[in-house]
Amino acid sequence: MKNLIRLTDLTLKDITKIYKIASENETNKNAGCLKGKTVVMFFPNNSIRTRVTFEKGIYLLGGQTILFPTETLDKKEELQDVFGYLNNWADLVIVRHKDIGVIEQIAKYSKVPVINALTDINHPCEMLSDLYALSKLRDNIAKDKFLFCGVNGNIGKAWKEASEVFGFELEQCCAEGHEIDGLKVHHDIEKAIVGKDIVCTDSLPAHALEKWENLKVTKEIMEMANKGAILNPCPPFYRSEEVSQDVIESDFFVGYEFKKYLLEVQQAIMIYCVNE
């Protein structure tokens with residue numbers, strides 16, 4: 001068994017294995033491989049894409065899901081005791097919790113694989129899915145130049161984590177005060193966009209909106225990037241905030257089908273973690 005808490009837990013060899021399984025999942029080659037297995041999930045009520053694709057993916061692989069709200073983990077009972085009992089019945093645990101420390105504790109006490117479905121500092125499943133989808137659109141993502149437009153939050157840090165594993169060049173464009181440590185940072189989007197191939201965004205907290213007025217990704221801005229550049233906004237995205245209406249309606253936007261691979265990649269992660 002293997003856990004996935006941070007993307008940096010994986011090597012490129014591990015990721016190649018996951019992507020091979022994901023490719024097989026596109027043709028239902030692994031249907032039924034979770035038959036008889038129970039997956040215990042902890043998700044908040046506002047999770048949509050990640051939860052839907054995990055639940056559907058488990059169903060298509062023949063497994064059973066048991067879902068709890070994330071706040072179940074914040075009760076008085078010690079995690080050591082919760083998972084001491086769950087070890088009797090669970091075959092896999094998937095957790096979405098703001099505190100990665102909680103997921104690390106669960107992994108310490110769990111005798112079955114633990115998968116991080118999002119924390120306040122990263123989102124490994126989302127990154128693996130996005131990079132799998134990008135690999136279908138680009139010749140060599142390791143040679144592409146990435147720009148992250150957003151605050152110092154979990155999605156920006158997740159892209160930084162991904163750049164460390166995949167080896168691609170990543171820079172950030174943001175308002176002052178929102179810089180991610182370890183990245184080259186721009187405060188002028190017209191300068192930041194030059195030479196970039198893939199532009200990623202994240203939704204903005206309310207207190208940052210006013211500062212972002214001149215940092216919005218628009219169609220005009222994307223036209224300053226490299227030929228063939230694409231925009232990959234992290235959902236939920238908000239038109240007229242971090243991105244403009246016209247850029248979402250343009251050919252720069254990767255489109256809604258870009259996220260369809262969440263299903264196959266998350267299935268692959270589960271298969272990999274259970275069998276590795």
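Both backbone and side-chain heavy atoms feed into the values below; hydrogens, waters and symmetry mates do not.
Using a 4.5 Å heavy-atom threshold, the side chains of Leu147 and Trp159 count as separate. For the pair His123 and Thr50, the minimum side-chain heavy-atom distance is below 4.5 Å. In this structure, the side chains of Lys98 and Pro44 stay at 4.5 Å or more apart for every pair of heavy atoms. Taking the side chain as every heavy atom from C-beta outward, Ile193 and Met222 approach each other to under 4.5 Å. Side-chain contact between Ile115 and Cys125 is present, with heavy atoms from C-beta onward closer than 4.5 Å. Counting only heavy atoms from C-beta outward, the side chains of Asn232 and Val199 never approach each other to under 4.5 Å. Counting heavy atoms from C-beta outward, Pro235 and Lys259 have side chains that approach closer than 4.5 Å. Using a 4.5 Å heavy-atom threshold, the side chains of Gln64 and Val39 count as separate.
Val254 and Ile221 fall within the same hydrophobic cluster, where Ile, Leu, Val, Met, Phe, Trp and Tyr residues are linked whenever their side-chain heavy atoms come under 4.5 Å apart, directly or through other members. Grouping the Ile, Leu, Val, Met, Phe, Trp and Tyr side chains by contacts below 4.5 angstrom, directly or via other members, places Phe43 with Ile58. Side-chain heavy atoms closer than 4.5 Å link hydrophobic residues (I, L, V, M, F, W, Y) into clusters, and following such links, possibly through other members, connects Leu137 to Phe146. Hydrophobic clustering (side-chain heavy atoms under 4.5 Å, transitive across Ile, Leu, Val, Met, Phe, Trp, Tyr) groups Leu204 together with Leu183. There is a path of hydrophobic side-chain contacts, each under 4.5 Å, that joins Val243 to Phe258.
Between Gln267 and Gly57, the shortest heavy-atom distance links the atoms NE2-O, 3.1 Å. Of all heavy-atom pairs spanning Ile94 and Ala117, the tightest one is CG2-CB, 3.8 Å. The shortest heavy-atom contact between Cys33 and Lys37 is O-CE, 4.4 Å. Shortest non-hydrogen contact noted between Tyr19 and Leu128 is OH-O, 2.7 Å. Nearest heavy-atom pair, Val217 versus Cys149, reported as atom, atom and distance to 0.1 Å: CG2-SG, 3.9 Å. The two atoms that bring Asp91 and Gly36 nearest to each other are OD2-O, 4.1 Å, heavy atoms only.
Side-chain atoms of Tyr132 do not come within 3.5 Å of backbone N or O of Ile18 as any donor-acceptor pair. The backbone N or O of Pro69 lies less than 3.5 Å from a partner atom in the side chain of Thr72, making a donor-acceptor pair. Judged by distance alone, with hydrogens and angles left aside, the side-chain atoms of Asp202 form no donor-acceptor pair with the main-chain N or O of Gly150 at under 3.5 Å.
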Go through Thr70 and Arg96 one step at a time and tell me if the side-chain hydrogen bond (donor to acceptor under 3.5 Å, both in side chains) criterion holds.
-> CA-CA 7 Å; Thr70 300; Arg96 187 167 184 148; over 6 Å; no
Might you work through the side-chain contact (heavy atoms from CB on, under 4.5 Å) test for Phe148 and Ile155, ending with a clear yes or no?
-> CA-CA 9 Å; Phe148 172 71; Ile155 299 303; 4.1 Å; yes
Is there a salt bridge (Lys or Arg N to Asp or Glu O under 4.0 Å) between Lys191 and Glu171 once you walk through the steps?
-> CA-CA 12 Å; Lys191 292 181 180 178; Glu171 298 177 5; over 6 Å; no
With side-chain contact (heavy atoms from CB on, under 4.5 Å) as the test, would you mind laying out the steps for Leu215 and Ile189 before giving the verdict?
-> CA-CA 6 Å; Leu215 297 173; Ile189 195 165; 4.3 Å; yes
Lys143 and Phe168: CA distance, side-chain angles, deciding distance, side-chain contact (heavy atoms from CB on, under 4.5 Å) verdict = CA-CA 6 Å; Lys143 293 185 177 180; Phe168 57 78; over 6 Å; no
Step by step, work out the salt bridge (Lys or Arg N to Asp or Glu O under 4.0 Å) result for Lys157 and Glu161.
-> CA-CA 6 Å; Lys157 289 175 179 175; Glu161 196 174 77; over 6 Å; no
Evaluate the criterion side-chain contact (heavy atoms from CB on, under 4.5 Å) for residue pair Asn25 and Val265; output intermediate values, then yes/no.
-> CA-CA 8 Å; Asn25 292 338; Val265 173; over 6 Å; no
Stepwise side-chain hydrogen bond (donor to acceptor under 3.5 Å, both in side chains) test for Glu242 and Thr201 | CA-CA 7 Å; Glu242 77 274 23; Thr201 66; 4.6 Å; no
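Crowding of Lys136 atom NZ: a count of heavy atoms from other residues, nucleotides or ligands under 6.0 Å exceeding 12. Counted within 6.0 Å of CG on Asn140, heavy atoms from surrounding residues, nucleotides or ligands total more than 12; the atom is thus considered enclosed. Crowding of Lys145 atom NZ: a count of heavy atoms from other residues, nucleotides or ligands under 6.0 Å not exceeding 12. Counting non-hydrogen atoms of other residues, nucleotides and ligands closer than 6.0 Å to CD of Glu190 gives a total of 12 or fewer. Counted within 6.0 Å of NZ on Lys56, heavy atoms from surrounding residues, nucleotides or ligands total 12 or fewer; the atom is thus considered open. Heavy atoms from other residues, nucleotides or ligands lying under 6.0 Å from CG of Asp251 number 12 at most. Counting heavy atoms of neighbouring residues, nucleotides and ligands inside a 6.0 Å radius, atom CG of Asn45 does not exceed 12 of them.
Cluster partners of Leu73, by chain and number: Ile5, Val40, Phe42, Ile66, Phe68, Leu79, Val82, Phe83, Tyr85, Leu86, Trp89, Val93, Val95, Ile100, Val102, Ile103, Ile106, Tyr109, Val112, Val114, Ile121. The rule joins Ile, Leu, Val, Met, Phe, Trp and Tyr whenever side-chain heavy atoms lie under 4.5 Å apart. Applying the 4.5 Å side-chain rule to ILVMFWY residues, one finds that Leu118 remains a lone member of its cluster.
Defined by atom type and a distance below 3.5 Å, a donor-acceptor pair is present between the side-chain atoms of Asn116 and Asn122. A donor-acceptor pair shorter than 3.5 Å can be found between the side chains of Asp74 and His97.
Interatomic distance, OG of Ser129 versus CZ of Arg49, reported as 12.0 Å (0.5 Å rounding). In this structure, CD1 on Ile141 lies 10.0 Å from CG on Asp130, to the nearest 0.5 angstrom. The CG atom of Leu262 sits 4.5 Å away from atom OG1 of Thr53, with the distance rounded to the nearest 0.5 Å. Annotation: the span from Leu92 atom CG to Ile269 atom CD1 amounts to 10.5 Å, rounded to 0.5 Å. Between the CG atom in Leu170 and the NZ atom in Lys196 there is a gap of 9.5 Å [rounded to 0.5 Å]. The OG1 atom of Thr119 sits 9.0 Å away from the CD atom of Glu104 when rounded to the nearest 0.5 Å.
Look at Glu164 and Lys160 and you find a salt bridge, because one of the NZ, NE, NH1 or NH2 atoms lies within 4.0 Å of a carboxylate O, short of that distance.
Screening residues 203-226 for side-chain hydrogen bond (donor to acceptor under 3.5 Å, both in side chains) gives Asp197-Asn226 as the qualifying pairs, with residues at least two apart or on separate chains.
Between Tyr256 and Phe253, the two ring planes are perpendicular [angle over 60°; tilted spans 30° to 60°].
The side-chain hydrogen bond (donor to acceptor under 3.5 Å, both in side chains) test with His187 singles out one residue from Glu179, His178, Gln172, and that residue is Glu179. Screening Ile248, Val247, Asp246 for a side chain to side chain contact (heavy atoms under 4.5 Å, CB included) involving Ser250 leaves a single residue, Val247.
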